[in-house]
Amino acid sequence: MTPPAPELPQFYDPHAAFQRYASAWEASGVNSPAADAPGEPYCIVIPPPNVTGSLHMGHALNNTLQDVLIRYKRMDGFNAVWIPGTDHAGIATQWIVEKQLRAKGIDRRELGREKFLACVWEWKEQSGGTIVSQLKRLGVSCDWSRERFTLDEGLSAAVRENFVRLVEEGLIYRATRLINWDPVGMTAISDLEVETEENVQGELWSFAYPLSDGSGEIVVATTRPETMLGDTAIAVHPDDPRYQHLIGRTVRHPILGREIPIVGDAILVDPAFGSGAVKVTPAHDFNDHAVGKRHDLPLLTIFTLDGRVNAEGGPYEGLDRFDARTKIKADLEAMGLGRGSKLNVMTLPRSQRSGAVVEPMVSTQWFVRTKPLAEPALAAVEQGLTTFHPRQWENTYFAWLRDIQDWCISRQLWWGHRIPAWHCAACGETTVSRVDVTACGTCGSANVAQDEDVLDTWFSSALWPFSTLGWPARTPELAKWYPNAVLITGFDIIFFWVARMMMAGLHNLGSVPFHDVYIHGLVRDENGDKMSKTKGNVVDPLVAIEKHGTDAFRITLTSLAGLGRDLSWSDKHVEVWTRFQNKVWQSFRFLRMHVNEKPAPAPLGPMDRWILARAGVAVQNVRSAIDSYRFNDATAELHRFVWYELCDWYLEFSKAALYGEDEAEKAAARHTLWTVYSAVARLLHPFMPFLAEELWQNLPGSEGSVVRAPFPRPDDFPPADDTLAEVALLQETIVAVRRVRAEKEVSPRVPLQLVSQGLGALGRYHRVLDDLAKVTVCTGEKPDACATVVVEGIEGWIPLAGVLDLDKERERLAAQITKAQKSVDFLRNLLGNEGFVGKAKPELLASRRAELEGDEGRLATLTAALAALG
RNA sequence: UGGCAUGUAGCUCAGCGGCAGAGCACCGCCCUGACACGGCGGGGGUCGUGGGUUCAAAUCCCUCCGUGCCAACCA
């Protein structure tokens, strides 16, 4: 006799397990494979969280899914690595530190660039680690030895290399253009960083421009009266009879006195809208800018960089944009030029970061010529080199890339990658270089100064899948792990990030950065509302982990991650998995009561073979679910198998053996339990790693850590054999008998097939016996509707009349039979038709035959059932 | 205005040509030896609307309605 195993605690303690295993795994090096380690490559790079950030539910979901995949692939023998890191997040970070300094009464400009950057670095050092430690609390198995930061030395070199290359190829250029300006952040921003605020109640105000010759006036309407200071034309539709004769003439600016031409422009002007005449401000409106180009109008910038009226505004100089609006309106009204106003629902462009209303401004900036980069990125997805999951996101991706605009990449910030370009004060030329420049590349003058601006933070993020692997150096890591296997991210950054990584990867390395892109939804609250601080419905993942434990937290998120849907987080969902966790634990304790050493293989009974075959099916289902990113299906399959097959059936059946006298049966049950739980621990590991390890460590005879154990394969288990059908029948029988006992209606499909030998065999089982003992079994002459049973050698029957509405059942069956009959006739005709057979492909015919057989079988079953009902 | 989703049990969702499903909630019985964080049984649905295709539609096609997101326009 082996000594009894030490008893397991009554309840699983997820926090203790986390403490026990998390850092031990990291120290073991299992997460840090060498590039030349054996196994097919499988690499995921983390979407780098901002250093400003703290972990929110979106991160939790995103990283849990990555961890599920990486743990699965690691167990499956891949050389799997998950590279973590953080993003310097240019504007966002600078914004925070500036705010902190302002609170102390310090302006960054007083401080100077160098000192300010020192402050940002200091802040990054102390709080940049927060997000990392929070990630670790999720139990993620990143390779922390490869952690990167977008501003570290290697990545900065990658950024320079990419920038200089694109300049050399003519794909980056510097130009003066109308761009989106953030007057609060005081920087240019890209189109993507402009967000629109919907349904703003605004005012559409009309006023009159007097014709220069005094012969009348022309009325225009605007939501931005202050921009009239920069008007350089009035546009009308060239075919509009009201204004046609005015084209070519001028109006006089009522405030500034300028003469302004009236032009005809069919593209901008809709004669049916408003007065049919439009004021044109080419320096502060994108549409007007286009008109200006068409008609060669002067660009008149009227605002300063912080959104005040400049010297061009004459009497309004120094006024804020919005104050100027009020005053100009009032002044024009006073001059008798106001022509009424109406309410107007509009959308306001706001800066994503500062929230300021964006001001279009003419400015000199650096741009990426995106068209040539977008074409290969489009083609790669069209050709299936990269696949989105779910597929429909490819449409979004295509739409944006097909209509892509040049990308403004320079930012008037200090925190970020400074543009590697040096302007010469002597000759005015610009030198772009991978190394710092001390002399002008054109004239040789030493009077050069580096461009003051930094790059858009997404410019460095675009390189992330390969800059983290050492590019531009040709490292073993790059050779092994590029392209990455999969990118997991949210739909909100398909344009910002995914598309740009595709472009950068294809351009710099000639192949796609990843084979799959999994797009997950948004984590919402239990009412389906977006989580937001103002609503106060934000769930802090760390609080949830404290409350429920890492395992339950992770598998809950995973179970909610269906393809193409947002997730609704609620404690009710977590409860399901907390209970699942307990179910696994309690059933494992049962195993430990009966198994305290690794059992030797033994001849197996039918129930043993049944559960092993079912385990094989579950393994197959879990695998194919993960392989196709159906995370919710994977967890549902685990839940179904463990609870409804393993615990509800097998464990109950095994008691007959384990509490009985037959040593051979006991040996079979022990071996089966051990085998199945060995698989369960490994199946659970990607989802509930700490629970899985706790099982593994307490499974007698298991070796090492579950982290390094192989993920179960379907062929680890015996295939289905004839006993499976028998067992299924026994189970149906038991269910039917329980229903009879409950005096409930019995579905005719099952009890009419009751097999006496089956029940006889079942009589030996624990809880089943209990059920049967309470069933009234009759003997003697059998009525038409009954279930035949044999209990402890006595054949009898269970009457069904009285608990069945026989008339209703007959009616229902007859309807089904009519339907089935039609199906069978149809298929038979189809197969009997020579012409059809001649043309049909063999496999199609085979499937049709199979269908027919299925239908005939069903028809037969139904007919038999009807006959039994009389 | 355009595009993409989405509408299935009270709630959260799965199913996507072949007998309408799960979890939670609800009702009844049971603290039996792994588990009351449990067991057994049960009730509950015109699958948003109207048409069409099919032997057969929740599932495919069209119409409309509701909801969400993205993009564009907004003088």
Side-chain angles (χ1 to χ4, degrees), chain A residues 8 10-12 196 200 202 204-206 219-224 227 234-235 268-270 273-281 285 287-288 344-348 390 392-393 395-396 399-400 403 491-492 494-495 521-522 524 526-528 530 559-560 562 564-570 572-573 575-594 630 632-633 636 639-640 644 647-648 651-652 655 658-659 734-735 738-739 741-745 747 749 766-767 770-771 812-813 816 818-827 829-830 851 854-855 858 861-862:
Chain A
L8 292 176
Q10 192 179 357
F11 293 103
Y12 169 66
T196 47
V200 181
L204 184 63
W205 182 69
S206 298
V219 176
V220 294
T222 180
T223 53
R224 300 193 58 198
T227 61
I234 305 295
L268 176 74
V269 183
D270 171 8
F273 190 98
S275 66
V278 186
K279 61 188 277 304
V280 180
T281 322
D285 182 282
N287 286 315
D288 293 4
N344 185 38
V345 178
M346 50 187 224
T347 55
L348 270 186
Q392 67 257 18
W393 288 111
N395 295 326
T396 307
W400 188 69
D403 190 34
F491 57 83
D492 50 328
I494 290 177
F495 304 149
L522 209 65
R524 297 168 174 277
E526 56 195 323
N527 303 316
K530 230 180 223 177
S559 75
L560 294 171
R565 265 207 195 248
D566 283 350
L567 298 65
S568 187
W569 176 266
S570 109
K572 287 210 169 143
H573 293 307
E575 251 175 60
V576 174
W577 295 103
T578 309
R579 284 154 64 173
F580 174 73
Q581 174 176 272
N582 185 249
K583 192 72 177 176
V584 170
W585 186 250
Q586 300 305 338
S587 61
F588 186 71
R589 285 175 70 219
F590 173 79
L591 173 146
R592 285 288 305 263
M593 287 170 57
H594 301 283
R630 289 176 290 114
N632 55 333
D633 284 355
H639 186 274
R640 190 197 59 74
Y644 300 117
C647 291
D648 284 356
L651 253 57
E652 293 305 333
K655 286 172 183 171
L658 294 168
Y659 292 123
I734 291 168
V735 170
R738 283 172 182 158
R739 288 169 64 99
R741 197 186 98 196
E743 296 185 0
K744 295 296 179 186
E745 173 185 322
S747 162
R749 284 194 296 280
H766 175 69
R767 195 173 283 175
D770 179 56
D771 282 332
R812 207 170 67 89
L813 276 171
Q816 283 189 31
T818 312
K819 212 168 143 189
Q821 186 64 57
K822 276 166 92 179
S823 266
V824 169
D825 290 347
F826 168 74
L827 289 169
N829 286 339
L830 204 58
E851 254 182 75
D855 272 351
R858 198 176 130 231
T861 310
L862 292 171

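Residue A:Phe588 contributes atom CZ, which lies 20 Å from atom C1' of B:G38 at whole-angstrom precision. At whole-Å resolution of the value, CD in A:Gln10 and C1' in B:A36 are 12 Å apart. The interatomic distance linking A:Arg589 (CZ) with B:G33 (C1') rounds to 12 Å, in whole Å. The nearest whole Å value for the distance from the CG atom in A:Leu567 to the P atom in B:A5 is 19 Å. The CH2 atom of A:Trp393 sits 12 Å away from the P atom of B:C69 (whole-angstrom rounding). Atom-to-atom, CH2 of A:Trp585 to C1' of B:G38 comes out at 18 Å; the value is rounded to the nearest Å. When rounded to the nearest whole Å, the span between CD of A:Glu652 and P of B:G38 equals 14 Å. Between A:Lys530 atom NZ and B:U67 atom C1' there is a gap of 14 Å when expressed in whole angstrom units.
Put simply, the side chain of A:Arg524 does not reach to within 4.5 Å of the side chain of A:Leu567, judged on heavy atoms.
For A:Gln586 (side chain) and A:Gln10 (main-chain N/O), a donor-acceptor pair under 3.5 Å exists by modelled atom type. Counting only distance, with no hydrogens or angles, the side chain of A:Asn344 and the backbone of A:Gly202 share no donor-acceptor pair below 3.5 Å.
When all heavy atoms are compared, the tightest approach of A:Val219 to A:Ala277 is O-CB, 3.6 Å.
At the heavy-atom level, A:Leu651 lies under 4.0 Å from base atoms of the strands shown. Using a 4.0 Å heavy-atom cutoff across all strands shown, A:Asp648 reaches sugar-phosphate atoms only and no base atom. At a threshold of 4.0 angstrom between heavy atoms, the contacts of A:Phe11 include nucleobase atoms, whether or not backbone atoms are also involved. As judged by a 4.0 angstrom heavy-atom cut-off over every strand, A:Asn287 is placed among residues touching the sugar-phosphate backbone only. Looking at heavy-atom distances under 4.0 Å, A:Ser275 makes no contact with the nucleic acid at all. No contact: A:Thr396 has no heavy atom under 4.0 Å from any strand.
For the C1' atoms, the distance from B:G43 to B:G21 is 16 Å, rounded to whole Å. Comparing B:U54 with B:A71, their C1' atoms sit 38 Å apart, to the nearest whole Å. Of the C1' atoms belonging to B:U59 and B:A14, the separation is 13 Å, rounded to the nearest Å. A gap of 8 Å separates the C1' atoms of B:A20 and B:C47, to the nearest Å. The same atom, C1', is picked in B:G15 and in B:G23; the two are 15 Å apart, to the nearest Å. The C1' atoms of B:G39 and B:G7 are separated by 36 Å, rounded to the nearest whole Å. B:A9 and B:G51 have their C1' atoms separated by 27 Å, with the value rounded to a whole Å. Nucleotides B:G28 and B:G45 place their C1' atoms 22 Å apart, quoted to the nearest Å.
Mapped onto RNA chain B by nearest heavy atom, A:Asp270 and A:Gly562 fall at different nucleotides, with A:Gly562 at the one closer to the 5' end. The residue among A:Gln392 and A:Leu268 whose nearest nucleotide of RNA chain B is located toward the 5' end is A:Gln392.
For the pair A:Lys583 and B:G39, the criterion of a side-chain N or O lying under 4.0 Å from OP1 or OP2 is met. For A:Lys655 and B:U32, the shortest distance from a side-chain N or O to OP1 or OP2 is not below 4.0 Å.
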B/S/- along nucleotides 23-30 of chain B (protein heavy atoms under 4.0 Å) is SS------
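Between A:His594 and A:Tyr659, the angle of the ring planes goes over 60°, which puts this pair in the perpendicular group of the 30/60° scheme.
Among B:C4, B:A34, B:C13, the nucleotide with an atom closest to any side-chain atom of A:Arg565 is B:C13. Proximity note for A:Gln586 (side chain, C-beta onward) versus B:G68, B:C35, B:G33: the nearest is B:C35.
Aromatic pair A:Trp585/A:Phe11: ring centres not closer than 6.0 Å.
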How does RNA chain B look in dot-bracket form if you count Watson-Crick and G-U pairs under 3.5 Å, write [ ] for pairs that cross, and put | where a base pairs with another strand? ((((((((.[[[[.)..(..]]]].(((((.......))))).....[.[[[..)....]]].])))))))....
Step by step, would you call A:Lys279 with A:Asp288 a side chain to side chain contact (heavy atoms under 4.5 Å, CB included)? CA-CA 8 Å; A:Lys279 61 188 277 304; A:Asp288 293 4; 5.6 Å; no
I would like to know whether A:Thr396 and A:Phe495 meet side chain to side chain contact (heavy atoms under 4.5 Å, CB included); could you show each step before the answer? CA-CA 9 Å; A:Thr396 307; A:Phe495 304 149; 3.5 Å; yes
Start with the C-alpha gap between A:Thr222 and A:Trp205, add the side-chain angles, then the distance that decides, and say whether side chain to side chain donor-acceptor pair (under 3.5 Å) holds. CA-CA 5 Å; A:Thr222 180; A:Trp205 182 69; over 6 Å; no
Run the side chain to side chain contact (heavy atoms under 4.5 Å, CB included) check on A:Asn632 and A:Leu560 step by step: do they pass? CA-CA 6 Å; A:Asn632 55 333; A:Leu560 294 171; over 6 Å; no
Test side chain to side chain contact (heavy atoms under 4.5 Å, CB included) applied to A:Lys583 and A:Cys647, step by step: CA-CA 8 Å; A:Lys583 192 72 177 176; A:Cys647 291; 3.8 Å; yes
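Partners of A:Trp569 under the side chain to side chain donor-acceptor pair (under 3.5 Å) rule, at least two apart in sequence or in another chain, do not exist in this structure.
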